[in-house]
There are 2 protein chains.
Amino acid sequence: MDETPGFRPLYRQVYDYLVRQIATGVWRPAEALPSEQDLAGELGVSQGTVRKALDVMAAEQLVERRQGKGTFVAEQTQERALFRFFRWAYPSGQRAIPTSMGGTVRRRPSSSDEQRKLHLRENAKVIEIGRMRLIDGKPTIVETIVVPVMLFPDIDKRVPLPNSLYSLYQSAYGINIVAVEEEVRAELVRKDDAKKLNLTVGSPLLRIDRVAIALDGSRVELRVSRCSTRDLIYAVTIR
Amino acid sequence: MDETPGFRPLYRQVYDYLVRQIATGVWRPAEALPSEQDLAGELGVSQGTVRKALDVMAAEQLVERRQGKGTFVAEQTQERALFRFFRWAYPSGQRAIPTSMGGTVRRRPSSSDEQRKLHLRENAKVIEIGRMRLIDGKPTIVETIVVPVMLFPDIDKRVPLPNSLYSLYQSAYGINIVAVEEEVRAELVRKDDAKKLNLTVGSPLLRIDRVAIALDGSRVELRVSRCSTRDLIYAVTIR
DNA sequence: GAGTGGTCTAGACCACGCA
DNA sequence: GCGTGGTCTAGACCACTCT
């Protein structure tokens with residue numbers, strides 16, 4: 001289970017150090033890191049070793065490297081987060097970036113299911129956000145988001161919430177989302193959602209259950225999205 | 001559109017050479033490549049350059065590297081292909097590997113939609129395969145596969161077809177599937193599928209339209225899968 | 001012990017962005 | 001022209017596998 005390598009490459013240690021610097025906010029999103037030469041000097045390793053660590057981080061989209069300019073902490077802009085983690089497309093195949101609207105926010109105790117999926121304690125409280133997403137101004141996706149109060153203490157006071165929460169997580173709470181796990185199901189529309197989405201009873205609906213995973217591997221957000229695939233489909237490439 | 005770099009790194013040329021060797025069957029699946037030293041000597045470059053090319057290929061899962069043993073052409077075993085490209089899981093979240101059963105095979109002219117998606121000529125013929133997939137012995141997925149006759153000339157004579165066609169594509173036709181693009185929709189079950197899957201009329205169904213992409217980037221197979229998410233869900237991780 | 005891939009170093013030169 | 005990342009080399013040593 002817990003694999004102890006017994007041998008820890010130098011570049012891994014450099015990697016860990018650099019990730020910690022970013023995670024603790026020493027270098028902020030969009031800021032440049034010191035040059036490879038400078039880092040190598042500071043850490044007492046060769047430039048090639050720093051380079052290898054940075055290459056791994058670039059592959060994980062944690063930093064961005066630009067030849068001639070430098071290495072920059074990756075920034076979760078609105079557009080970037082939406083493009084990376086939201087797999088919606090028009091039936092024609094063209095990618096679609098939904099906007100968000102309104103939203104209700106409330107605090108409540110966590111359910112046992114949420115405790116299990118987010119690794120919360122029994123008495124942990126969560127914040128639940130409900131909102132609609134629009135395509136071309138038309139309500140298309142019903143979205144319910146659940147996050148622990150402990151990690152995002154005042155997020156319910158930040159209404160109106162931005163289109164992509166992930167850039168807010170990064171800028172306001174120092175939490176970087178690096179991956180999402182999604183489960184996709186087909187189900188029949190419920191009465192309340194039918195009204196919101198302007199669908200007839202008995203319509204099929206795509207339901208997506210998402211868990212968002214932060215840089216340190218912890219699960220920090222649950223999200224359920226419901227959408228009619230009359231207007232929008234879910235498109236993904238597996239390599 | 002066509003990006004001409006004007007500068008072609010050496011390791012890229014080595015990469016192209018090595019990929020060509022594999023694509024043309026000089027080194028067969030599961031075979032070992034020459035060692036880095038030998039390749040470097042043959043090609044007149046340094047070991048580090050060969051290493052960089054091989055690292056890229058390993059990241060693309062084109063080869064497998066094993067310390068102390070060598071570098072091997074990645075093999076599409078049944079299990080591997082199913083685990084990599086089939087995203088089915090039980091509602092509990094545990095991955096599910098469906099088996100396949102029976103199947104009808106027929107040749108017919110390609111539709112204009114197929115011509116567009118597979119980049120076929122107007123008069124191109126295709127082979128259509130229809131079959132069921134089972135979970136725990138129960139019919140669960142209806143699968144329709146379309147491939148061009150040109151690429152798989154005698155595949156309709158190879159019944160019964162294996163559980164994963166991708167290992168057959170590799171071993172019998174030298175075609176390596178390296179990625180799949182999938183579009184997911186929710187729809188209502190059709191009468192014929194309801195019978196096959198033992199569902200009632202009006203049940204929601206998950207429909208997945210897949211395009212399989214070969215090593216050279218060409219699109220070589222279309223596949224439509226229909227499944228009730230009462231028994232199986234579609235699970236994917238986005239990084 | 002021999003052979004393989006994996007790590008680490010030091011140094012040279014190239015391509016790129018910018019002032 | 002300078003500083004950045006990107007490529008390439010040559011060589012040393014380490015970790016792993018098999019004989």
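None of these values were measured; they are calculated from a predicted model. We name chains A, B, ... by the order of the sequence lines, and we start the count at 1 in each one.
Straight-line distance from the CZ atom of A/Arg8 to the P atom of D/dA15: 15 Å, rounded to whole Å. Rounded to a whole Å, the CG atom of B/Asp55 is 9 Å from the C1' atom of C/dG6. B/Phe72 has its CZ atom 12 Å from the C1' atom of C/dG3, to the nearest Å. With rounding to whole Å, B/Phe7 atom CZ is found 7 Å from D/dG6 atom C1'. Here the P atom of nucleotide C/dG5 and the NZ atom of B/Lys52 are 18 Å apart, to the nearest Å.
Both tests pass for A/Arg66 against the ring of A/Phe72: distance under 6.0 Å to the centre and angle within 45° of the axis. A cation-pi arrangement is absent between B/Arg185 and A/Tyr234, since the terminal nitrogen or guanidinium carbon is not both under 6.0 Å from the aromatic centre and inside a 45° cone about the axis.
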- Task: For B/Tyr15 and B/Leu54, run side-chain contact (heavy atoms from CB on, under 4.5 Å): C-alpha distance rounded to whole Å, both residues' side-chain angles, the deciding distance at 0.1 Å, then the answer.
- Result: CA-CA 7 Å; B/Tyr15 169 91; B/Leu54 287 172; over 6 Å; no
- Under the salt bridge (Lys or Arg N to Asp or Glu O under 4.0 Å) rule, what do B/Glu114 and B/Arg219 come out as? Steps first, then yes or no, please. CA-CA 11 Å; B/Glu114 287 155 2; B/Arg219 284 134 202 278; over 6 Å; no
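For B/Ser164 and B/Gln78, the side-chain atoms include no donor-acceptor pair closer than 3.5 Å.
B/Arg133 pairs with exactly one of B/Ile97, B/Thr99, B/Asn163 by the side chain to side chain contact (heavy atoms under 4.5 Å, CB included) rule, that one being B/Asn163.
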Interface polar pairs with nucleotides 2-5 of chain D, N/O, under 3.5 angstrom:
{"unit_1": "D/dG3", "atom_1": "N2", "unit_2": "A/Gly68", "atom_2": "O", "d": "2.8"}
{"unit_1": "D/dT4", "atom_1": "O2", "unit_2": "A/Gly68", "atom_2": "N", "d": "3.0"}
{"unit_1": "D/dG5", "atom_1": "OP1", "unit_2": "A/Thr71", "atom_2": "OG1", "d": "3.3"}
{"unit_1": "D/dG5", "atom_1": "OP2", "unit_2": "A/Glu36", "atom_2": "N", "d": "3.1"}
{"unit_1": "D/dG5", "atom_1": "N2", "unit_2": "A/Gln67", "atom_2": "OE1", "d": "3.1"}

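The stretch residues 24-46 of chain B participates, sequence neighbours left out, in these salt bridge (charged side-chain N to carboxylate O under 4.0 Å, His left out) pairs: B/Glu36-B/Arg51, B/Glu36-B/Arg65.
Interface residues of residues 9-17 of chain B facing DNA chain C, ordered by number: none; criterion, heavy-atom separation under 4.0 Å.
Once rounded to the nearest 0.5 Å, the distance linking CG of B/Asp154 with CZ of B/Phe152 reads 11.0 Å.
Proximity of B/Thr49 to the phosphate of D/dT9: a side-chain N or O atom is located under 4.0 Å from OP1 or OP2.
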